[in-house]
Amino acid sequence: MIVRKRPGALGLMLAWKGSVLPHVMPHIIFAGCFSAIITWVARHHYLDGVIEYTLLPFTLMGIALSILLSIRNTATYDRWWEGRKQWGQMVYEIRSLARTSGIYLAEAPRRRLLLNVLAHAHLLRGQLRGENVQAELPGDLPAGLISQALSKRNPAEFMLQQAGALIADELKAGRLDTIAAAALDKHLYGLSSVQAASERIAHTPLPFAYTLLAHRTAYIYCYLLPFGMVGVAGWFTPVFTAIVAYTFFGLDRLSEQMEFPFGRHTNDLPLDAICRIHEISVAEALGDPAPELLQPVKFQLQ
Amino acid sequence: MIVRKRPGALGLMLAWKGSVLPHVMPHIIFAGCFSAIITWVARHHYLDGVIEYTLLPFTLMGIALSILLSIRNTATYDRWWEGRKQWGQMVYEIRSLARTSGIYLAEAPRRRLLLNVLAHAHLLRGQLRGENVQAELPGDLPAGLISQALSKRNPAEFMLQQAGALIADELKAGRLDTIAAAALDKHLYGLSSVQAASERIAHTPLPFAYTLLAHRTAYIYCYLLPFGMVGVAGWFTPVFTAIVAYTFFGLDRLSEQMEFPFGRHTNDLPLDAICRIHEISVAEALGDPAPELLQPVKFQLQ
Amino acid sequence: MIVRKRPGALGLMLAWKGSVLPHVMPHIIFAGCFSAIITWVARHHYLDGVIEYTLLPFTLMGIALSILLSIRNTATYDRWWEGRKQWGQMVYEIRSLARTSGIYLAEAPRRRLLLNVLAHAHLLRGQLRGENVQAELPGDLPAGLISQALSKRNPAEFMLQQAGALIADELKAGRLDTIAAAALDKHLYGLSSVQAASERIAHTPLPFAYTLLAHRTAYIYCYLLPFGMVGVAGWFTPVFTAIVAYTFFGLDRLSEQMEFPFGRHTNDLPLDAICRIHEISVAEALGDPAPELLQPVKFQLQ
Amino acid sequence: MIVRKRPGALGLMLAWKGSVLPHVMPHIIFAGCFSAIITWVARHHYLDGVIEYTLLPFTLMGIALSILLSIRNTATYDRWWEGRKQWGQMVYEIRSLARTSGIYLAEAPRRRLLLNVLAHAHLLRGQLRGENVQAELPGDLPAGLISQALSKRNPAEFMLQQAGALIADELKAGRLDTIAAAALDKHLYGLSSVQAASERIAHTPLPFAYTLLAHRTAYIYCYLLPFGMVGVAGWFTPVFTAIVAYTFFGLDRLSEQMEFPFGRHTNDLPLDAICRIHEISVAEALGDPAPELLQPVKFQLQ
Amino acid sequence: MIVRKRPGALGLMLAWKGSVLPHVMPHIIFAGCFSAIITWVARHHYLDGVIEYTLLPFTLMGIALSILLSIRNTATYDRWWEGRKQWGQMVYEIRSLARTSGIYLAEAPRRRLLLNVLAHAHLLRGQLRGENVQAELPGDLPAGLISQALSKRNPAEFMLQQAGALIADELKAGRLDTIAAAALDKHLYGLSSVQAASERIAHTPLPFAYTLLAHRTAYIYCYLLPFGMVGVAGWFTPVFTAIVAYTFFGLDRLSEQMEFPFGRHTNDLPLDAICRIHEISVAEALGDPAPELLQPVKFQLQ
């Protein structure tokens, strides 16, 4: 995620990092060159009588294109924002578990419970990003537990089950009553819902047919454009084509970047930084020294 | 559901599987041919004096058409995504039931409870898809229970009622108190809400009048188009008509595919794969060997 | 509600039942005739010098019209879909009450509770539709209770209060503890929310000013259209006017039909069929023979 | 709120009550006269060479205007509908409190609790509308309590606190256990959320910058329009200007009326009628004679 | 937040405070001057043959621009409104905690609990605004507690943990049972969710790529506009360019102001005033004299 003060107008025009421009530049240049060729051909009257120029089909395709791009961008932005909301829920579930466990549990099991949950968050981050997070798991966790977790198909889920087992132990030992167990379990339920929602977003692409139809319509549009414009815009045709291509390919690429918000691209969600917030929450609740917040590096928060 | 890495620009232009193109191709060709005939007729001046060319009615109809297609596509996409969310809720209800039952129940009734719930998920999948899933029900379930379930009008619901009866037995035997029973029942309530929502989506089409009005407006639009365009676009008229038809019929077909997301079409939700996730969740919670995740076959996850 | 397989392209063009066409046909014909008269007048040059033809005001009005129609259609579709969701919630509240009551209650009070709730659903349906449903109330209910309910201002609500009284009796007799009573009451709370939401949708029209502004703008638009188009479209003017009128009046009528979704129009929600689902749920939970699902008659599910 | 059967097409064109037309009529007439002057000036060729006519800037401003009006109208309609939903939630919270209090409380404290809650609803209505509702408070409430409430900054909130105090008394007297107290308190929590949401809507206007930008753009648009249209539309210019002004000023005024839905304007929510529904719910639950539903007077429900 | 009666039409045209006009004025003037230069150049025929004038590319870019601005403004308005909703939830969580603590707690711990929560609200406000709020914390809080809080990374969160510790003390001393503890803790959970949501909105900007693409497209649009318009609009070109720039730069700036709604800009949320509402709620619940509501100063509520 890019975190920076809003630059001035000029700074915004020149910003490169976080922009979709580098990704769509080749397509823009290609569309512009194609348009230049068409313009050259038309200027030499090779197209006369073949095509007459009309606004109509572009207006019509524009209707379909705007519906497609609008639904697709709204949907992908919603995925991105829902991802952020889910990880924001994780923040208050962990803080609340820290608080509620302080009400019902003794010091030692409380610490173990919170470490399990912290490991859950790190492991989920690793699963969503396809990374090995073993080095960042809380050091106080028994090594056996960690290796047992990593042998499972779903290590993050295993950690929540372990937290449940810990509550069961306390209940069976008579140190908790069923109400307190249910009150603690409710926060594990919340974390479980965050995990399932994250997995849903990470593993369910937008319907492929949407992506195809939006992509194809945008391309057809941009490559037909010179034919519709060359008669009136002359040598400005390649310029206009490139600009229109920039906006359409930019929107196309933007929605592609928002679609899976848990990666490490510049516009993805800062899961590392959120996990650090969890570490601070748990440390401060347990009275341990808390680490620093993660800071953006070159405007980017991981 | 199509699961594939996003292909390059060329790959996207040529992708066939998951596209709506095969479904709307005949309609596009028909509209294109009709347009070619009109163009031929117009070029031979048989329409002179009969029709003069104007952009206006197309702009106007475009307003109504864009509202219709936009509301319809938004609504059907929301159904598709809600279907996915509901089955994502099923994921965490089952995992949470596995965890909570580990807190309150002994090993044997816990296993029976989870198998009932797993059978519920498979049976619901079968009911939504109109398929026989008897072969995929958990093998440890008593055969009598399964045949009893299949004799009911709503076998999936019967399995949840059975899970409730199991909790009732434990409560009456004094092995659960009312609080623990309520805590377990809450997850059955969640599963019940998933089932009712799935049945709602599967059995409530969009209002037929919407489908009709959107479909008719799109068709009238495409078949009037050649008359409005032939005067300025000449022999490009059939090309433009075909492209406009592609986008409108494509949107129409897309929303039709999203409307009922529980089938086996390429863009439908992968219920088989989600049921496999449930099997893994239950197996890992019970300490059984867990099956593999389902993998897409030719990019398609069932 | 119309339930039918999607017909082919031709079938969709010709479908009559469920279409808004019959309702708006007179208005379309009237607008078309008006347009024909204007065309005749204009062709005889009686309007020359009075009006010159311009696209501009139609484009401008189109902005306001598209906002109005879009907000209005979105709002009414949302009412329709929320109505369906509420009655879908009723499905799982009743099923869950059947399950939860099986956990905590004995057979006789459980049956009475479920019959009360079934009567609640039927009575609510009757209140929303302004129909007498006395014949369809569960036969096992005491006649005195039914006549007492019907003497109230809100019979459906009375049935829920009776269900609460039944829980109170069990609690006072010591056959329930407060937790179990609260767990049962929670489903009555859910049913109460469904009722209040249904009453909200049924008795709160869209702000009248919206309906007025949308309706008036659409009419002014359609009746000014011939003046703006006759100069370029000639005798096609009445045809185009009729088509534009079809889409706008169609959208207007569509949103009117969605506004109150609990009636008996072709596009209204199938409350009878949903009540039948409740009867099946209760019957199967109680082990009684369950009735059949309601089937659509001539594509229409009541 | 206007409640009337949908009038026929002609009735809709002529309806006056509930329309925004009376409010925007002066502005429409002013814009029309201004446009007539410009037309006169242009027809006498005083503008020749000064302005040439172009559609372009209006199309462009139209984009910004449609975004502004669309967001603003969607937002204000959502406020109106959320206000209605909140007061619909109040309906089922009060009914459910009536039911739940019947389960756990004796007759006398139950009656007092429900009267407190009824007074809460009336007082909240009074606070939202800036009216004195003392005459409509339930007659059985002790006069001292009412005058104490009215001496507070937030009388409605005081009544909920009193209801809480009543539950506390019952709990301390041992006539309730903590579970039953929590079950009753949950409905007070619901009422508290309704109050806070109502206060939020009533006291938080849309960001002023939105209102300004939307208003200014609409006015600039309407007053530039004659310049852009007079060259082609001649003496129809004032007519078209007035019609465009009607739609834009109408949308502007409409969103203003929806912004604060708790007043006494024709399109505001019928809080009096909803409070009457509460009175009926409480009376029927307590077995008292219930008052009649409020009826609309001249189509308007207060 | 600007709070004022809606001024008349003229007052709205002239309002300055709360408007985005001061912020975008330099950009409007610059775009206008640029446009004037282009007009001068074009009028001297230096551009003849270089550019011919066409509406087409502007219509096309308009599609992309309207999608971008629409999604961005909807998203930022939603952030603003969600921020307000969260702080509205805080209102009823605190009131409900006041009521529920009156049911279960004695006077002294109740007062301490509510003061902790009040301090939480003030500290959160300070954290969101980057201000020191020490002077406004409740005077009755022990100084040691305050300085301990301020030494933490997250002082607001610390106060909630302290509230939890207070409940734990009461529970361990046997003055609360587990149910009452859970009922109180539920409101702390609500406050925790408000905090996490506020932090989410305050620290997660919109994806930078959105801001960039919207900003760039709007600028390119406005600076290309004179070229497309000068051929038809003559010396009106700079006027129209300035007006179009006003609407686009205004929308751009508006969405920037809504993006982070917790600051002290004119359109930001009145957190001071909401904290005053909390103080009144707590004071009236405890029977203390309540302070006055904050009043707007020069139409602005802080």
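Here is the naming used below: chain letters follow the sequence lines, and residue numbers restart at 1 for every chain.
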Heavy-atom pair count under 4.5 Å with chain E, highest-scoring of [options]:
| options | result |
| --- | --- |
| Asp177(A), Val3(A), Ile277(A) | Asp177(A) |
| Thr74(A), Ile243(A), Thr266(A), Leu176(A) | Ile243(A) |
| Arg4(A), Lys186(A), Met90(A) | Arg4(A) |

Under 4.5 Å from any heavy atom of chain A - which part of [X]:
| X | value |
| --- | --- |
| His27(E) | side chain |
| Leu166(E) | neither |
| Glu259(E) | neither |
| Ala182(E) | both |
| Leu213(E) | both |
| Ala165(E) | neither |
| Ser70(E) | neither |
| Ile179(E) | both |

Check your understanding: Parallel, tilted or perpendicular for Tyr189(E) and His187(A), by the 30°/60° rule?
Key ->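 Correct class here is tilted.
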Practice item. Name the orientation class of the two ring planes belonging to Tyr210(E) and Tyr77(A) (parallel below 30°, tilted from 30 to 60°, perpendicular beyond 60°). Key: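 Ring orientation of Tyr210(E) relative to Tyr77(A): perpendicular.
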Exercise for review: Report the option among Ile167(E), Thr217(E), Asn154(E), Val194(E) that has the most heavy-atom pairs separated by less than 4.5 Å from atoms of chain A.
Suggested key: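 Result: the option with the highest number of such pairs is Asn154(E).
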Contact summary for [X] and [Y], nearest pair of heavy atoms:
| X | Y | result |
| --- | --- | --- |
| Ile103(A) | Ala168(E) | CA-CB, 3.6 Å |
| Thr178(E) | Tyr104(A) | O-OH, 3.1 Å |
| Ala64(E) | Phe248(A) | CB-CE2, 3.8 Å |
| Gly102(A) | Lys172(E) | O-NZ, 3.6 Å |
| Val91(A) | Ala196(E) | CG1-CB, 4.1 Å |

Check your understanding: Is the side chain of Glu284(A) donor-acceptor paired with the backbone N or O of Arg153(E) at a distance under 3.5 Å, no angle test?
Key ->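 A pair under 3.5 Å: yes.
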Exercise for review: Would you confirm whether Tyr92(A), through its side chain, and Leu191(E), through its main-chain N or O, come within 3.5 Å as a donor-acceptor pair?
Suggested key: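 Flag not set: sc Tyr92(A) to bb Leu191(E) has no pair under 3.5 Å.
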Check your understanding: Does any heavy atom of chain E fall under 4.5 Å from the side chain of Phe299(A), the backbone, both, or neither of them?
Key ->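 Interface part for Phe299(A): neither.
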Review point. Given a strict heavy-atom distance threshold of 4.5 Å, which part of Ala273(A) is in contact with chain E: side chain, backbone, both, or neither?
Key: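 Neither part.
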Hey, could you give me the [atom1]/[atom2] distance between [X] and [Y], rounded to the nearest 0.5 Å?
| X | Y | atom1 | atom2 | result |
| --- | --- | --- | --- | --- |
| Leu251(A) | Ile71(E) | CG | CD1 | 7.0 Å |
| Leu224(E) | Phe236(A) | CG | CZ | 8.0 Å |
| Ile63(E) | Thr247(A) | CD1 | OG1 | 9.0 Å |
| Glu157(E) | Ser96(A) | CD | OG | 7.5 Å |

Point to revise | salt bridge (Lys or Arg N to Asp or Glu O under 4.0 Å) against Glu107(A), all qualifying residues, sequence neighbours excluded | key: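 For Glu107(A), no residue satisfies salt bridge (Lys or Arg N to Asp or Glu O under 4.0 Å) once neighbours in sequence are set aside.
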Check your understanding: Would you say the side chain of Trp80(A) lies within less than 4.5 Å of the side chain of Thr204(E), judging by non-hydrogen atoms?
Key ->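 A side-chain contact under 4.5 Å exists here.
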Point to revise | Validation row: Met1(A), Pro205(E) side chains within 4.5 angstrom (heavy atoms) | key: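 Result yes, sub-4.5 Å side-chain heavy-atom pair found.
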Review point. Honestly, is Arg200(E) close enough over Trp87(A), meaning NZ or CZ under 6.0 Å from the six-membered ring centre and within 45° of the axis?
Key: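 Cation-pi check for Arg200(E) and Trp87(A): fails.
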Quiz: residues 8-23 of chain A side-chain donor-acceptor pairs under 3.5 angstrom, not counting sequence neighbours:
unit_1: Lys17(A); atom_1: NZ; unit_2: Gln300(A); atom_2: OE1; d: 3.4
unit_1: Ser19(A); atom_1: OG; unit_2: Leu21(A); atom_2: N; d: 2.9
unit_1: Ser19(A); atom_1: OG; unit_2: Arg216(E); atom_2: NH1; d: 3.2

Check your understanding: Taking only residues at least two apart or on different chains, which pairs with a member in residues 83-105 of chain A satisfy salt bridge (Lys or Arg N to Asp or Glu O under 4.0 Å)?
Key ->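 Applying salt bridge (Lys or Arg N to Asp or Glu O under 4.0 Å) to every pair that reaches into residues 83-105 of chain A, excluding sequence neighbours, yields Arg95(A)-Glu199(E), Arg99(A)-Asp185(E).
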Check your understanding: Any chance CZ of Phe34(E) has more than 12 other-residue heavy atoms, nucleotides or ligands included, within less than 6.0 Å?
Key ->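 Yes.
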Practice item. Show your reasoning for whether side chain to side chain contact (heavy atoms under 4.5 Å, CB included) applies to Trp81(A) and Asp78(E). Key: CA-CA 11 Å; Trp81(A) 191 230; Asp78(E) 283 351; over 6 Å; no
Check your understanding: What residues of residues 286-294 of chain A sit under 4.5 Å from chain E when only non-hydrogen atoms are counted?
Key ->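 Near chain E, by residue number: Ala290(A), Pro291(A), Glu292(A).
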